[in-house]
Number of protein chains: 2
Amino acid sequence: MQSTFEVVAEPTRRRILDLLLTGERAVGDLVAELAMSQPAVSRHLRVLRDAGLVAPRTDAQRRLYRLDARPLAAVDEWLEPYRRLWAGRLDSLAQHLDEMTDDLERKDAR
Amino acid sequence: MQSTFEVVAEPTRRRILDLLLTGERAVGDLVAELAMSQPAVSRHLRVLRDAGLVAPRTDAQRRLYRLDARPLAAVDEWLEPYRRLWAGRLDSLAQHLDEMTDDLERKDAR
DNA sequence: AAGTTATATATGCTGGCAGTTATATTAGCG
DNA sequence: CGCTAATATAACTGCCAGCATATATAACTT
């Protein structure tokens with residue numbers, strides 16, 4: 001099994017996720033929008049499914065895939081310490097403190 | 001040339017970036033911390049350099065590499081529309097509005 | 001039940017990536 | 001100037017990812 005990073009590194013797979021942002025789609029629809037064979041798309045969907053990033057729903061012969069963004073939180077978390085490095089330096093400390101406050105609130109909410 | 005996504009998908013390269021978070025390091029230091037041959041590490045550094053994620057500074061025979069996180073902003077931006085999907089739904093709209101306000105402020109600052 | 005539609009899996013090919021060892025390069029040192 | 005140290009590049013190898021074609025599976029249609 002691949003990490004979320006590797007799964008999302010593939011351009012076509014990112015494209016698929018972007019398409020699913022607007023709502024669920026059948027495999028055929030995706031094939032039409034990506035210039036690629038149906039098996040290739042099904043394979044990418046398999047990888048995305050194994051990573052927990054998409055989930056299929058049966059509708060007659062079609063499989064409608066919907067997005068599940070939760071695994072992407074891992075990427076976001078890895079990015080966290082870098083974020084304040086590319087942001088303006090002066091307000092980075094304030095931003096950091098804001099984020100920590102957010103974290104605490106989130107923990108309280110659970 | 002690889003995209004920032006692909007560059008960062010490689011676990012060893014992420015590890016290198018993580019190590020550089022605490023400050024610049026010589027190649028030899030990195031080799032010591034990663035269980036890997038020196039040429040392998042130099043190769044990863046080449047990829048990271050080409051991606052603009054690290055930059056070397058000469059110190060006698062050694063090359064000290066420092067982090068440059070700016071290219072990671074592209075990853076962060078791609079992540080943006082997904083972020084509110086894994087966040088709690090109820091406050092996601094407010095969060096979205098906050099982010100848009102931040103964007104405006106950032107534009108003003110430029 | 002046979003035919004059709006929609007998707008998944010099998011198979012084979014190919015290119016590129018990450019690792020190794022060997023060698024080149026560059027800088028300091030006696 | 002020869003020698004050592006530190007890093008980069010070259011050459012080779014094994015492997016895996018992504019693609020296409022061919023085939024299997026599943027569901028609907030008549």
Side-chain angles (χ1 to χ4, degrees), chain A residues 1-20 23-68 71-72 74-75 78, chain B residues 1-20 23-68 71 75 78:
Chain A
M1 180 98 65
Q2 310 182 73
S3 81
T4 304
F5 282 94
E6 295 160 71
V7 170
V8 158
E10 218 289 322
T12 301
R13 286 195 286 263
R14 276 204 307 283
R15 188 98 190 289
I16 290 175
L17 294 178
D18 289 345
L19 289 168
L20 293 181
E24 62 181 5
R25 308 223 180 176
V27 178
D29 298 346
L30 296 172
V31 171
E33 308 204 56
L34 315 161
M36 197 177 300
S37 72
Q38 173 265 314
V41 173
S42 278
R43 197 153 233 298
H44 281 303
L45 287 170
R46 178 97 152 93
V47 174
L48 289 166
R49 227 187 318 144
D50 289 347
L53 283 163
V54 302
R57 173 172 81 85
T58 299
D59 170 52
Q61 303 108 327
R62 302 186 307 164
R63 309 280 162 90
L64 301 179
Y65 279 84
R66 69 169 174 76
L67 180 65
D68 184 350
L72 293 177
V75 177
W78 178 79
Chain B
M1 178 101 64
Q2 310 183 74
S3 80
T4 305
F5 282 93
E6 297 160 72
V7 171
V8 159
E10 218 289 322
T12 302
R13 285 195 287 262
R14 276 204 305 285
R15 188 100 188 288
I16 291 175
L17 294 179
D18 289 344
L19 288 168
L20 294 181
E24 62 182 5
R25 308 221 181 179
V27 178
D29 298 345
L30 296 173
V31 172
E33 308 204 55
L34 314 163
M36 195 178 302
S37 71
Q38 173 265 314
V41 173
S42 278
R43 199 154 226 291
H44 282 302
L45 287 170
R46 178 93 152 96
V47 173
L48 289 166
R49 226 188 318 144
D50 288 347
L53 282 162
V54 302
R57 174 171 80 86
T58 299
D59 170 53
Q61 304 109 323
R62 302 186 307 163
R63 309 280 161 92
L64 301 178
Y65 279 84
R66 68 167 173 78
L67 179 64
D68 184 351
V75 177
W78 177 80

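Below, each value reflects all heavy atoms present in this structure, side chains not excepted, and no hydrogens, waters or symmetry copies. Letters A, B, ... mirror the listed sequences (proteins, then strands); counts begin at 1.
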For B:T4 and B:P71, the nearest pair of non-hydrogen atoms, with its separation, is CG2-O, 3.7 Å
Name all residues meeting the side chain to side chain donor-acceptor pair (under 3.5 Å) criterion together with B:R62; count only those two or more places apart in sequence or in a different chain, and write none if there are none. B:D59
DNA chain D: 5'-most and 3'-most nucleotides touching chain A, 4.0 angstrom heavy-atom criterion: D:dG18 to D:dC28
d(CZ, A:R57; C1', C:dA6) in whole Å: 15 Å
Just so I know, are the side chains of A:W78 and B:L17 near enough to count as touching, which here means a heavy-atom distance under 4.5 Å? yes
Pairs in or reaching into residues 6-16 of chain B: which pass salt bridge (charged side-chain N to carboxylate O under 4.0 Å, His left out), with residues at least two apart or in two chains? none
Separation of C:dC17 atom P from B:F5 atom CZ, nearest Å, is 18 Å
Please list, chain by chain and in numerical order, all residues satisfying side chain to side chain donor-acceptor pair (under 3.5 Å) with B:Q2, sequence neighbours excluded. none
Taking only residues two or more places apart in sequence, or in another chain, which ones meet B:R66 in a side chain to side chain donor-acceptor pair (under 3.5 Å)? none
Ordered by number, residues from residues 30-46 of chain A within less than 4.0 Å of DNA chain C (heavy atoms) are A:Q38, A:P39, A:S42, A:R46
Does C:dA8 have OP1 or OP2 sitting under 4.0 Å from an N or O in the side chain of A:Y65? yes
I'd like a table of donor-acceptor pairs (distance under 3.5 Å, sequence neighbours excluded) in which one partner is a side-chain atom from residues 29-38 of chain A, with atom names and distances.
unit_1 : atom_1 : unit_2 : atom_2 : d
A:E33  : OE2    : A:R25  : NH1    : 2.1
A:S37  : OG     : A:A40  : N      : 3.3
A:Q38  : NE2    : A:S42  : OG     : 3.1

The reported gap from CG in A:L67 to CG in A:D18 (rounded to nearest 0.5 angstrom) is 9.5 Å
Could you list the residues that satisfy side chain to side chain donor-acceptor pair (under 3.5 Å) with B:E24, not counting sequence neighbours? B:R57
Which residues satisfy the salt bridge (Lys or Arg N to Asp or Glu O under 4.0 Å) test with A:R46, sequence neighbours excluded? A:D50
What is the distance from CG of B:D50 to P of C:dC17, rounded to the nearest Å? 12 Å
What is the distance from atom CG of B:L53 to atom CG of B:L45, rounded to the nearest 0.5 Å? 11.0 Å
Can you name the atoms? Protein N/O to nucleotides 24-30 of chain C N/O, anything below 3.5 Å, with the distance.
none

A:L48 has an atom CG; how far is it from atom P of C:dA8, in whole Å? 12 Å
